Amino acid sequence: MNEPIIRGWCPGARRPMQSGDGLILRLRITGGRLAPEAACAIADIASRHGNGELDLGRRGGLQLRGVRGDHFAGVEAELATLGLLDADPGAEAVRNVVASPMSDLDETAQGDAFVLAKRLEVALVADTSLRSLPAKFGFSVDDGGRFGLAEVPADVRLRLMRDGVALSLDGDTRAIMVETEEAVAAALRLAHAFLELAARTEPPLRRMAMLTAKVGAEAVFAVAGLGRESATPDHHPDAVRLIGAFGTHVGVGLPFGRLTANQLRSLADIAATDLRLTPFRAVLLPGVTGDILPRLAKVGLVISSDDPLLAVASCPGAPACGSASIETRDLARRLAALKPGARGIWLHVSGCPKGCASSSAHAVTLVGRDGALDLVLDGRPTDPPCHKSLSPEAVEALFRSGTI
Ligand code: SF4
């Protein structure tokens, strides 16, 4: 528990990742539900042991940033006291489950994703033969309501429906229906089928989408012993807007997924029940009304879905990330001020081609390379650029002139 095992990617609380600004520790909060007392305690840990900044990731994980190496043992001890530390790194790694955040309060939800996600986590940890799953291999539990997870990356998807649970695989659109009580066991069988089939490839495949592309989803379902009966898609309600005041909750946006310790404390102070961390770069507060929004705006949280910052994705860039050769977030803020979202431009500023902030294609993607920026239109950071080696000033000029 004393010496940090430094990992190069996909960190946990047990296995931190070294970054340009210190260690990153990712906390996996079951179902994204965080009690206000725990949120305050995490904010204190971030202030005392880290650089006071946290990131809410694309799978709803909460990352402590800038933790000093000689403080690591102390952080682990405090997380253990809060019940936020897994028994061992393997258990933590396999507990990679994201769930719809508001199942208990969303009348359009088809069931309680939190309960199912918790059962799934317990089963994943108990099945030690799944410890060899690739680090990023993950599951989603979608409640079938307005807070659906269709856009959230997951290798195995569970979606609650009227008559049970629809199971589907990344990279494939078909779904197999199982009874709700059987869903956890079926999801584990799919994970085992992945391990079995992926091991037959050379080099072994690391994500389900790669496997379904190679062998077909039907082969994975067959190895898992799951039938061919397809789920009939339920009507999926329109996605809810997350930011602002709505019937049962208030939502705030986090530009670039970044949250300060003070902002987390403010959210905890205002929360009526618990905080709901979402994979949408937003935190929801159930049971509070819109009159608290000005207080949240005052501490720098986004309270309007029209905020230009929400149309821009950006990774931490330099100097926080050692892989970056350019500064990203100041540039992203300057470009956001030019309101690209108002022109329908969804922008991504990435410090390098890895594209940590977004795996989606964006209308405009800027990619750091050798201290300058490559410009990709309608693509991802790894796609061929149409302009290379631009300075930040040149990019701004292109935006200002309306060329982009
Ligand atoms: S995209 Fe590259 S520069 Fe940005 S955080 Fe990821 S690894 Fe670092």
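All ligand and atom numbering here is 1-based and tracks the order in the structure. Since this is a predicted model, take the numbers as computed values, not measurements.
Applying the salt bridge (Lys or Arg N to Asp or Glu O under 4.0 Å) rule to pairs touching residues 280-296 yields nothing, sequence neighbours excluded.
A cation-pi arrangement is absent between Arg157 and Phe139, since the terminal nitrogen or guanidinium carbon is not both under 6.0 Å from the aromatic centre and inside a 45° cone about the axis.
Residues Ser140 and Asp142 have side chains that never bring a donor and an acceptor to within less than 3.5 angstrom of each other. Residues Asn262 and Thr260 bring no donor and acceptor atom of their side chains to less than 3.5 Å of each other.
Atoms of the protein (N, O or S only) found under 2.8 Å from atom 4 (Fe) of ligand 1 are Cys315 SG.
Ser47 is linked by a side-chain contact (heavy atoms from CB on, under 4.5 Å) to Ala261, Arg265, counting only residues two or more places apart in sequence or in another chain. Every side-chain contact (heavy atoms from CB on, under 4.5 Å) that Arg343 has, sequence neighbours left out, goes to Ile345, Phe399.
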